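These notes concern the structure reproduced below.
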Amino acid sequence: MKYNNRSKAVLLLKDGTIFHGKSIGIEGVTFGEVAFNTGTTGYQEIFTDPSYFGQIMVTTNAHIGNYGVNSNEVESDSVKISGLVCKNFSFNYSRVDASESLFDYLKKQNLIVISDVDTRALVSYIRDNGAMNAVICTDDTPLEELKERLAQVPDMNGLELASKVSTKEPYFFGEETAKYKISVLDLGIKTNILRNFAKRDCYIKVFPYNASFEDLKSFNPDGYFLSNGPGDPEPLQSAQEVARQILKENKPLFGICLGHQIIGLANGISTYKMFNGHRGINHPVKNVITGNGEITSQNHGFAIVREELDKHPDFELTHEHLNDGTVAGMRMKSKNCFSVQYHPEASPGPHDSSYLFDQFIENIKSAAN
């Protein structure tokens, strides 16, 4: 392998802490909220997940890029993270069905990457001090200038980002002859969610984040879906109103991640920004209805206030995160509505959570009878 003499790079946190590393060869400066993901595989899916928009991703796995990328395994049309921090970046890759190297893929999208960072120390620091804004610099911009620019970056709390990743125009997914029709409000949807609906005989129409209930209803759907997405759910007032109108009509409604939070807010249940959030593919969740445990994929920095959920007369907890007791799922008692905070479409290892899509289809069948 040819030796590459790589230039120095820095990761500067908002509190002034600096971590040193090396550039992989893509020069520039990028800003975002620094967050870490504990998954050992799936970096391509992480990087293209719209829910990560606005975040600098720290990967805890020691090697990134070692199996290249496959063009059929993306979750959106482009890389959505703001920057990447890793320990060892592999320029070479080994995988039978890889289409290109991760470096070539990221180079095309001009993603700023810092490698050779002590990611164990960095993750430990974030765990102790919380998620915060940061900047990656690989082009020798003076430190004082970086500090000044970083101070102007808005905090994730209160930041609306769904508009940055949502589709601009409605589009269709699946077979037009499918048995069921679903209207989707795109707040930053992952492609695999649409695949899961399509393979369950659904024809989907995806609408922009600011579409009205009348827009979604015009498709004459059998059910409605509120998608995942980035940022704070509270500023998404139009999406909350759409949720209220869907519930008023009482057709089947399913929400994932940001969509889950929107359903809560639409019913007067607050959300809050978590100290670090949940990001990884091995989060333990208990289904409190069945008593079963699930290993889940999660990616969120906001959550439902559990105390308010417990006191709400029309809601009940269905899933609990076993690490910290946060709300992982809920359903309404008087409406055909349920939601989860995690990502059943990712289904790490055994497909523990894929039954949730089947449950939604069963709700649609029941509503039709």
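Just so you know, these numbers use all the heavy atoms, side chains as well, and skip hydrogens, waters and symmetry mates. This is a predicted model, so every value here is computed, not measured.
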Any chance you could measure [X], atom [atom1], to [Y], atom [atom2], to the nearest 0.5 Å?
X    : Y    : atom1 : atom2 : result
T318 : R331 : OG1   : CZ    : 7.0 Å
L226 : Y209 : CG    : OH    : 15.5 Å
N267 : I304 : CG    : CD1   : 9.5 Å
N72  : S99  : CG    : OG    : 7.5 Å
K107 : S101 : NZ    : OG    : 11.5 Å
L236 : L258 : CG    : CG    : 6.0 Å

Whether over 12 other heavy atoms sit under 6.0 Å from [X] [atom1]:
X    : atom1 : result
Q237 : CD    : yes
K273 : NZ    : yes
R195 : CZ    : yes

Would you check if there is a donor-acceptor pair between the side chains of [Y] and [X] at a distance under 3.5 Å?
X    : Y    : value
T177 : E175 : no
Q44  : Y105 : no
E308 : S270 : yes
R120 : T60  : no
Y125 : T17  : yes
S163 : E160 : yes
T40  : N61  : no

Under 3.5 Å, side chain of [X] to main-chain N/O of [Y], donor-acceptor pair present?
X    : Y    : answer
T30  : S82  : yes
N210 : S238 : no
N66  : S94  : no
D104 : E100 : no
K335 : L247 : yes
T271 : F302 : no
S23  : G25  : yes
K251 : Y224 : no
N133 : P154 : yes
T138 : G28  : yes

_Run the side chain to side chain donor-acceptor pair (under 3.5 Å) test on D215 and S218 for me, step by step, so that the C-alpha distance in whole Å, both residues' side-chain angles and the decisive distance to 0.1 Å come before the verdict._
CA-CA 5 Å; D215 293 332; S218 66; 5.6 Å; no
Does this structure show an ion pair linking [X] with [Y], if we count only N-O contacts that are shorter than 4.0 Å?
X    : Y    : value
R95  : E73  : yes
R6   : D116 : yes
R244 : E241 : yes
E316 : K333 : no
R306 : E320 : yes
E145 : R149 : yes

*After noting the C-alpha distance and the side-chain angles of S90 and L102, does the key distance pass the side chain to side chain contact (heavy atoms under 4.5 Å, CB included) rule?*
CA-CA 8 Å; S90 299; L102 180 60; over 6 Å; no
*Pair N299-Y52, side chain to side chain contact (heavy atoms under 4.5 Å, CB included): steps then yes or no*: CA-CA 8 Å; N299 166 27; Y52 282 119; 3.0 Å; yes
Can you check whether [X] reaches [Y] side chain to side chain, under 4.5 Å on heavy atoms?
X    : Y    : value
R200 : S354 : yes
P221 : L216 : no
K217 : E249 : yes
I81  : L84  : yes
I295 : H283 : no
I136 : V29  : no
V117 : K22  : no
L150 : F31  : yes

Does the ring center of [X] lie less than 6.0 Å from the ring center of [Y]?
X    : Y    : answer
Y180 : Y203 : no
F357 : Y355 : no
Y67  : Y93  : no
F225 : F197 : yes

*Can you list the steps and then say if D49 with K80 is a salt bridge (charged side-chain N to carboxylate O under 4.0 Å, His left out)?*
CA-CA 6 Å; D49 180 352; K80 293 298 189 294; over 6 Å; no
_Nearest non-hydrogen partners of D352 and G293, listed with the distance_ =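 Looks like OD2-O, 4.4 Å.
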*Shortest non-hydrogen separation from S78 to Q109 and the atoms involved*: CB-OE1, 3.3 Å
*Could you give me the CA-CA distance, side-chain angles and deciding distance for S51 and N228, then say whether side chain to side chain donor-acceptor pair (under 3.5 Å) is met?*
CA-CA 7 Å; S51 294; N228 61 295; 2.8 Å; yes
*Do K181 and F219 meet the cation-pi criteria used here (NZ or CZ under 6.0 Å from the six-membered ring centre, within 45° of the axis)?*
yes
*The single option from H321, H300, E294, H260 passing side chain to side chain donor-acceptor pair (under 3.5 Å) against Y342*: E294
*Could you walk me through whether N88 and I64 pass the side chain to side chain contact (heavy atoms under 4.5 Å, CB included) check?*
CA-CA 6 Å; N88 300 309; I64 297 299; over 6 Å; no
*Walk me through it: do H278 and T326 pass the test side chain to side chain contact (heavy atoms under 4.5 Å, CB included)?*
CA-CA 10 Å; H278 296 150; T326 52; 3.3 Å; yes
